[in-house]
Amino acid sequence: MAARALSGVLAVGVALSLGHAIAAAVDTAASPFLAVADSVVDRAPAPVREVTIDALGTADKPALLIGLSVILALFGIAAGLLERPRRPIGSAVIAVLGVVGALAAVTRPDGGPPWALPALLGALGGVVALRLLVGALYRGRSTSGSGPPAEAAPHSEATPSDTAGPDRRRFLILAGSAVAVIAAAGATGVRLGRRAADVVAERSGLRLPRVLPRQAAPAVPAGIVPDAPGVTPFLTGNHEFYRIDTALRVPAITARDWRLRIHGMVEREIELDWDGLTAREAQERIVTLTCVSNEVGGDLVGTAAWTGFPIADLLAEAGPLPGADMLLSTSVDGWTAGTPLEALTDGRDALLAVGMNGQPLPLEHGYPVRQVVPGLYGYVSATKWVIDWEVTRFDRASAYWTDRGWGERGPIRTASRIDRPAPLAELEAGLVVVAGTAWAQRRGIVRVEVRVDDGPWRDARLSPAYSLDTWRMWSFDWDADPGLHTLHVRTTDGRGDVQTEQRRPTVPDGATGWHNRTFRVVG
Ligand SMILES: Nc1nc2c(c(=O)[nH]1)N[C@H]1C(S)=C(S)[C@@H](COP(=O)(O)O)O[C@H]1N2
Ligand SMILES: [Mo]
């Protein structure tokens, strides 16, 4: 009886610790245990939450975790007592727990289908453990033995003389193994979780290098955004900034451990650490970043004030050799980008950045160090968590996305976007302020035009330009008649090139075409 209960508790322990360790390799919050706890917190009716927080003070989360552990241990005991070699009810109990954990993880705010894996794989491990343990308890037992129910060995040919009860040795070995699995998996989970926690802690205490006044970003002029509610802000908040990368789990690297090796076709190899990098004179520059996967009208674009160090100066220290034309940069998780050396050395504000809008880089935006290169899509230039620079040649090296069919050089295409009113908004007839953004990094925006239905193109009002490398806001006063109307926008870049109407997909070098929105206007 006790051995069976213990089997169940061990099996649940195996399931939880495996789930936790697997989750830590993806996202700590996908741990079935933590996801269930978080869901309980979120779903508890407000009064219950307040009462428990009142009663338990700041201990409410540990209390919840302990309570959850007790409940799970009880489920484990039940699973152990119910399990029979030929009637796996206990296994079913563990499977159901796994499904509950998976559902809790998948429905977390930032969860998704992959978050079900830790709970499901953990439950699978738990079921295997339970089957083995209970199997050992019933091994060689005869119907005449005491304790185990008859269905355990109905087909046993054993006679009382050749049965010696449960296989104690096997059970003890299995139980010991289960404890070892729990310890190892639990330790892995804790270690991975702690590394992420280390980075979070370091970041919250990190001091960004000071930016001297002469290196500050030029001031943002008044009126940089149109005066209307709901317009896109000029600077994108760190939390609002789009995020694109291939990392399942945000790489966790501390500034303390960070190194950048500069090698390849250079006169001198260099290795930089955080102190070496930040001892240099820092700059702040405002740059609009864009993703090649941005669809016409999409939001994979954002503008931030980046604190960092000119990439050109760092490259000059290493001394690129004649013939080199590419910087192959690699992140700590092995992702690569190949950037034309020319774009890094032609005087534009290409930075090795450590700060974003006055904060250390957020973890998901490349903490502690990333690249920002105006005018090039992120996939060829904006390596986050960057740790390696190889100076090389385009005819010798290729990078992550170019290996997958995307263009080699990745210059950003001219684009414009209607941001307000919202899509399919119901509007009142009369004056409607339409507003949006346009960008053509390195070339700048000199004109934006709007067309209502099949009417003529009319000039929108341009807000002040900040620089060639930032988006430019515009607005358009529309005297709207009742009915269904479609508005198109197009822009002209600083070279005089009008944005093309031709629709092209994002692959291989960025979408093209005019953005439009349709509105219903009521009289
Ligand atoms: N290490 C790493 N850096 C990366 C990527 C990546 O997958 N891994 N994606 C790139 C792409 S495609 C873009 S568009 C930008 C996006 O930067 P953000 O997530 O800070 O907006 O990061 C670039 N840097
Ligand atoms: Mo991208």
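All ligand and atom numbering here is 1-based and tracks the order in the structure. The chain is numbered in sequence order, starting from 1.
Aromatic ring pairs are classed by plane angle as parallel below 30°, tilted from 30° to 60° and perpendicular above 60°; the pair W258 and W274 is perpendicular. Ring pair H488/W457 is perpendicular by interplanar angle, where above 60° counts as perpendicular and below 30° as parallel.
A salt bridge links R413 and D509; the closest N-O separation between the charged side-chain nitrogens and carboxylate oxygens is under 4.0 Å. Under 4.0 Å is where a charged nitrogen must lie from a carboxylate oxygen, and between E269 and R261 at least one such pair does.
No close placement of the Y400 and Y379 rings is indicated, their centers lying 6.0 Å or farther apart.
Among protein residues, F241, Y242, R243, I244, D245, T246, C291, S331, D333, W335, H365, R370, G378, Y379, A382, T383, K384, W385 come within 4.0 Å of ligand 1, judged on heavy atoms.
Under a cutoff of 6.0 Å and an axis angle of 45°, R472 and W439 do not form a cation-pi pair.
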